[in-house]
Amino acid sequence: MRRSKLGHKNHLRQVWTAQLYSFFVYRIYILLRVFTTCKEPDMSLEMLSTDFEAERKKHEPVLELPEQVVLPGDRALFLSESVEGLDDGAHFLDTLTSDEWAKLRAHSRRLAFATGQAIFTQGDRHGGIFIIESGKVHVFYTAPSGREITLAYWTAGHFIGGPEMTGGGIHIWSGEALSECRMLFIPANALKKLVVELPNFALCLLQGLAAKGRCYSAMAQMLGTRSVIERLAQFLVNLGNLHGVRDGRAIVINAKVTHDQIAAMVGSTRQWVTMMMKRFQNDGLVTVTPRHIRIERPHALMEMVSKRAAG
């Protein structure tokens with residue numbers, strides 16, 4: 001009797017398994033019929049890929065960016081092969097003692113400049129140097145044709161007004177306030193006196209001049225040894241390193257920068273920069289929006305710079 005009950009249970013289990021198996025086979029068969037007989041819209045692989053990418057982006061979290069940086073940000077900026085050392089000159093007076101600072105200020109004048117105001121102008125007689133206490137300054141050279149090239153953006157701690165230091169010459173480029181600025185102006189005669197009376201200040205001034213020399217040497221090397229497309233690619237990489245926000249593999253340059261500013265920095269025209277940015281976009285290197293420049297493939301952009309430089 002017990003064996004017959006066990007046999008009956010085994011039989012029921014086998015029947016149930018067979019029915020379940022038949023059910024799944026039948027469902028797979030129906031699905032295969034559906035996929036092989038239904039006519040799907042005529043879509044190319046590229047269209048499917050595009051739709052998939054669009055659908056994926058719909059469900060991606062929106063990147064929350066901090067407030068945009070206004071070029072150059074809180075650090076100096078000039079054309080160079082890296083962002084290392086951009087702000088070295090901001091600390092040239094760090095070793096002054098409180099007494100030396102007091103004497104320096106006693107021989108200086110405090111000046112204020114509004115946004116867009118000229119601090120000194122190319123061709124004007126040189127009268128001394130300016131130490132930036134706060135604010136940002138754009139230093140640029142204007143060619144006889146009227147075309148401008150950016151030499152550097154300077155921030156707090158740097159001095160401007162060279163290369164003349166003790167007067168007697170003219171300014172060979174111009175400086176303009178990018179924001180409200182406070183300056184410590186050291187007249188040429190006072191500068192001569194301070195150099196004699198404060199040996200530590202004289203050493204600091206030499207360090208400041210050395211930092212300026214490295215800056216303009218880096219710019220000269222870029223202009224003399226790199227093509228304009230290499231300079232553009234390098235500048236985008238530098239901006240990404242300075243003001244980039246990661247978004248997956250991409251880098252969003254979270255800084256307000258115009259094609260005019262880029263052109264003046266890399267030594268080109270706004271029209272050429274616009275054309276090359278479109279080419280970079282078509283190649284999938286960057287995406288340009290009204291608010292941001294997004295470096296889609298940072299490594300590819302850097303490799304392009306490296307390969308060209310090596311060649």
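Between the CD atom of Glu296 and the CD1 atom of Ile251 there is a distance of 10.5 Å, given to the nearest 0.5 Å. Interatomic distance, Ser108 OG to Lys103 NZ, rounded to the nearest 0.5 Å: 12.5 Å. The NE2 atom of His107 lies 4.0 Å from the NZ atom of Lys193; values are rounded to the nearest 0.5 Å. Rounding to the nearest 0.5 angstrom, the gap separating the CG atom in Leu104 from the CG atom in Leu96 is 6.5 Å. Considering NZ of Lys212 and CH2 of Trp154, their distance stands at 4.0 Å, rounded to 0.5 Å. Between atom CZ of residue Phe130 and atom CZ of residue Arg109 there is a gap of 8.5 Å, rounded to the nearest 0.5 Å.
Side-chain atoms of His171 and Thr121 form no donor-acceptor pair, as typed in the model, at a separation below 3.5 Å.
Using a 4.5 Å heavy-atom cutoff, the side chains of Val228 and Met276 are not in contact. For the pair Phe235 and Gln261, the minimum side-chain heavy-atom distance is 4.5 Å or more. With a 4.5 Å cut-off on side-chain heavy atoms, Ile262 and Met265 do not count as touching. Between Thr155 and Ile132, the closest side-chain pair of non-hydrogen atoms is not below 4.5 Å. The shortest side-chain heavy-atom distance between Thr225 and Glu230 does not fall under the 4.5 Å cut-off.
When all heavy atoms of Glu164 and Ile129 are compared, the closest pair comes out as O-CG2, 4.1 Å. Closest of all the heavy-atom pairs between Arg294 and Asp247 is NH1-OD2, 2.6 Å. Taking each heavy atom of Ala152 and Phe78 in turn, the nearest pair found is CB-CB, 3.9 Å. Closest approach of Thr95 and Cys204 over heavy atoms only: OG1-SG, 3.2 Å. Across Ile172 and Tyr141, no two heavy atoms sit closer than the pair O-CD1, 3.4 Å. When all heavy atoms of Gly127 and Phe185 are compared, the pair lying nearest together is O-CZ, 3.5 Å.
Judged purely by atom type and a 3.5 angstrom limit, His243 uses its side chain to pair as donor or acceptor with the backbone of Pro72. Side-chain atoms of Arg75 come within 3.5 Å of backbone N or O of Val83 as a donor-acceptor pair. Distance alone, capped at 3.5 Å, places no donor-acceptor pair between the Arg105 side chain and the Arg110 backbone. Although no hydrogens or angles enter the test, the distance criterion places a donor-acceptor pair under 3.5 Å between the side chain of Asn254 and the main chain of Pro66. Looking only at distances, no side-chain donor or acceptor of Glu176 sits under 3.5 Å from a matching main-chain atom of Phe140. The backbone N or O of Ser80 lies less than 3.5 Å from a partner atom in the side chain of Asn238, making a donor-acceptor pair.
By the rule that hydrophobic residues join a cluster once side-chain heavy atoms approach within less than 4.5 Å of another member, Met219 and Ile229 end up as members of one cluster. Residues Leu151 and Phe92 do not share a hydrophobic cluster, defined by chaining ILVMFWY side chains whose heavy atoms lie under 4.5 Å apart. Each of Leu184 and Ile160 belongs to its own hydrophobic cluster when Ile, Leu, Val, Met, Phe, Trp and Tyr are linked at side-chain heavy-atom distances under 4.5 angstrom. Both Leu111 and Leu178 belong to a single network of hydrophobic side chains, linked directly or stepwise wherever heavy atoms of I, L, V, M, F, W or Y lie under 4.5 Å apart. Hydrophobic clustering, with ILVMFWY side chains joined whenever heavy atoms are under 4.5 angstrom apart, groups Val286 together with Leu71.
Just one residue in the list Leu236, Ile295, Thr287 forms a side-chain contact (heavy atoms from CB on, under 4.5 Å) with Phe280, and that residue is Leu236.
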